[in-house]
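Here the structure is laid out as structure tokens; the discussion comes afterwards.
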Amino acid sequence: MSVSQLFEEAYTGLKSLVVGLGITGKAFCQPQVTVIYPKQEVDNLSSFRGHVELIGKDDDPSVPRCVACGACVKACPSNCLTIQCPVPVKEGDEGKPVVMGPAPQKGSKTPAVVIVDFSLCSLCGQCARACPVDSLQFSDNPYMVRLDRKEFQIDLLARLRRMAAE
Amino acid sequence: MQAFDPKTLAQDPTSVRFEPGPTEDKLILSMGPQHPSTHGVLRILLELDGEYIVRAEPVLGYVHRMHEWMGQEKTYFQFMPNMGRVDYLHAMAWNWAYAGSVERLAGIEVPERAEYIRVAVTELNRISSHLLWWGAYLLDLGAFTPIMYAFDDREFLLDILQAVTGSRLTYSYFTFGGVYNDVPEDFPKRCLDFVKLLRSRLPMYRDLVTDNVILRGRCEGIGEMDVELARRYGATGPVLRGSGAAVDTRRAEPYSVYPRFDFPIPSYPQGDAMARYMVRMDELETSCSIIEQAVSTMPGGPIAAKAPKTLKPPKGEACYAVEGARGKILVHVRSDGGPKPYRVKLRAPGFSNLSVFAELARGTLLADAVSILGSLDLVIPEIDR
Amino acid sequence: MTPDLMSFDHPLTRLVVGLLCVFAFVGLNGLVLVWVERKVAGHVQLRPGPLHVGPYGLLQPIVDAVKLIGKQLAMPAGADKYLYWAAPLLAFAPVTVCFLPLPFDPALAPMRLNTGLVLILAFSGLGVLSLILAGWGSNNKWGLLGAARSVAQSVAYEVPLLLSVMAVALTAGSLDLYEITTQQGAWPWQWYGVKNPLAFFIFLVCAVAETNRAPFDLPEAESELTAGFHTEYSGMGFGLFFLAEYASMIVVSGVAAALFLGGWQGPFLPGILWFLVKVYAILLLMIWMRWTYPRVRFDQLLNLSWKWLTPLALIDLVLVVIVAGFGG
Ligand code: SF4
Ligand code: SF4
């Protein structure tokens, strides 16, 4: 390698270093892009998948469309849904307290308990896909901060009633 | 704490994979599983002579999550979300490989619009994967700023993908016969905007990093691999294309609607880390052009074929290969007619790419090994599955 | 007649007072520099940097320091106890001595030594010893590699550094920083940095390497050696290394300002301000470089020193000698 080549290389190398400094220097003067969380919030939460929630009936939004068929429970890969209905009362057992059993139960067309354990959910959407009456959807509730694992067991029926009341 | 003793290691072969060398002035060093530049929990056993690497051996299995076994334990639908977790950086391609193989097995036709959407989101995802690789590679090389610029751009991209899929990283967007939900109205426009943005940023990337003399010194002539070597280890993707073979699954085994698009297959003959780097930088542009073509010619129609709520494919087997950001992804599904697959085999490109490392790293400096490792673009969860 | 010990003229008194002031100065500037570094890094990377503690996050370094002081001092099993704890102290102590001959202002030079430059070079060379001790003493292979690197690096870079300093010392005809400063004027064209840009450039590059700053931060290269020589240090052990790094950055910037940028001299403003402005300008440049470039490889680093900087510095020295010979 001749000396002139050597110096040419050194020159282009140094130039690239100066160009690099120029770029970071320019970025230094640009406004920052950080959204500082507690003070500001991002504006794209509407499309974010939160935990699943029930959809109310068109005529009565406080009652879910759900027909307690149990398809979603079976479809869920992580077993995070619990849907229960009263077990049909056997003959001779009348008057005893009602026992809850996993859906489907004979004679029950609405669920009595719908709980999603969000600590297990992978937000995959298989439950919503499996539902025959389109009673499940993703909520837009991305802020899930709880102090206890048990608090991630979300009672969806209560939530639906609360949403309908609002 | 027990001091390191080569003899006990030799007696207990599970603790170390290769016996200590014959000479005593070698340093055996365990790089990882907790090391900043092994990108997760890869462990590499190094035998060092000074800073020169005499031998290097990757030790795998620290994030083995038994995805293949889970495939046998879950129904076809239930295994879908696992695909987003195998390679979390290019989840769409894994989605596609699995969906594609089951569709092939069950004979489900995918509507045209769904194919176009699949192409668009997969390419978007590829760009996000490459951008992250770019930043992480430069972190390996000691430059801290580029990853922030890459993340700045990647954020726009994740916003688009979030609007489509609802998540930002581990997508579970594909279903058998199409996609989970339709893209929003403004999807084509946002894609085109993003492509424009990225194209305006690429010259900056080049000036800041690609042309930088220090980076060139760290990449050029490092980890040279010829086509023979790459083929022998089954390397695919940018690693193979960086060795001069312009092989891309999108061209070599055309799937979906890729044959309708016009795009180049970048390849560089040098076979060093710089060539792999350049392939990926060029692929950003390639993906941009594919996205442009896909969203501008996207037909209307249904987004998913009618697939039964519970899938029981007929007896048989099928496999489907797609081009992931790291190479050829292949999912092989065998059905015995039941609701669960009999066997699911996942071919992770990173595994083959990593296996070249032992050969490439021999005789290099420790710093070069880091550079080579980074240039292979490894995602450890994908390698371990 | 030797002056009274209580009088300010007594060399020992001056030394003690000077050292105390230097400790305060280093501590304060270390904190400020941490803040500046993080703020610059943030803005370069399009983020705001420290923000929440105090106005503009100004109190963040103090909180960090308190956190570091409060942390447990851990020592790995099998480490050499004495070497391990001596290393951080040894890293910090010599650097403070280097401040003594620095002329901050015509009226504010802790010690005037006619061999000030030699003192600084000698004591900054001592710093590498602490890195070796830290690497060796902590019984950690990464630390050992970092220590080995630091030795080779400092040997390689002290040569061109010395040569470039020699060029200036020859022109000025003195090794006293005070004297060298006064030989330059208030205006840029009177500075040695402008008269002899090559020496200035070489000095800057070597200074970055001497202080183990990116892109030459090989002894601690975190993506290769996790954290190099200070992998095992926690709490204030790490804190002292950290402080020593910033202190030595200030020293080399101070030397550069005195040697090449006319020291305290400048129009309008008082001398001490000018000196600080120049020091911080060089510090900013070093910080700016750190957040721009990738890290060089070890052999490239040595090549740069032996194949480029040393010959160039030699040529520069010869030129200076010729010019000085004809001029003087
Ligand atoms: S989103 Fe997936 S994991 Fe969550 S409840 Fe529904 S099926 Fe289960
Ligand atoms: S699948 Fe739908 S209808 Fe059936 S139990 Fe679940 S939510 Fe109710």
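Computed from a predicted structure; not experimentally measured. Atoms considered below: every heavy atom in the structure, side chains included; atoms not considered: hydrogens, waters and symmetry mates. Residue numbers start from 1 in every chain, and the chains themselves are labelled A, B, ... in the order their sequence lines are given, proteins ahead of strands.
In terms of heavy-atom pairs under 4.5 angstrom with chain B, the leader among A/Ala71, A/Cys76, A/Gly50, A/Pro132 is A/Cys76. Ranked by heavy-atom pairs under 4.5 Å with chain B, the first of A/Gly125, A/Ala27, A/Gly22 is A/Gly125. Contact tally against chain A (heavy-atom pairs below 4.5 Å) for B/Thr170, B/Thr165, B/Asn82, B/Ile214: the top residue is B/Thr165.
Proximity of B/Tyr149 to A/Thr24: side-chain heavy atoms (C-beta onward) are separated by under 4.5 Å at one or more points. A heavy-atom distance below 4.5 Å is found between the side chains of A/Leu17 and B/Val213. No side-chain heavy atom of B/Gln78 sits under 4.5 Å from any side-chain heavy atom of A/Gln126.
For chain B, no part of A/Cys127 is nearby; none of its heavy atoms comes within less than 4.5 Å. Contact of B/Asp152 with chain A is made through the side chain alone, with heavy-atom distances under 4.5 Å. In this structure, no portion of A/Lys26 lies under 4.5 Å from any heavy atom of chain B. The part of B/Thr145 that comes within reach of chain A is its side chain, from C-beta onward, which places non-hydrogen atoms under 4.5 angstrom from that chain. Only the side chain of B/Arg85 comes within contact range of chain A, with heavy atoms under 4.5 Å apart. Both the backbone and the side chain of B/Phe77 have a heavy atom closer than 4.5 Å to some heavy atom of chain A.
A distance of 11.0 Å separates NZ in A/Lys74 from OG1 in B/Thr75, rounded to the nearest 0.5 Å.
Taking both residues in full, the closest heavy atoms of A/Ile23 and B/Leu208 are given as CD1-N, 3.5 Å, listed atom of the first, atom of the second, then distance. Shown here for A/Cys124 and B/Ser172, the closest heavy-atom pair between the two residues is O-OG, 3.7 Å.
Enclosure of atom CZ in A/Phe152 by more than 12 non-hydrogen atoms of other residues, nucleotides or ligands within 6.0 angstrom is indicated. Remark: B/Glu73 CD is packed, more than 12 non-hydrogen atoms of other residues, nucleotides or ligands lying under 6.0 Å away. Other residues, nucleotides and ligands place more than 12 heavy atoms under 6.0 Å from the CZ atom of A/Phe138. Applying the 6.0 Å contact sphere to CD of A/Glu8 captures no more than 12 heavy atoms from other residues, nucleotides or ligands. Heavy atoms of other residues, nucleotides or ligands lying less than 6.0 angstrom from CD of B/Glu185 number 12 at most.
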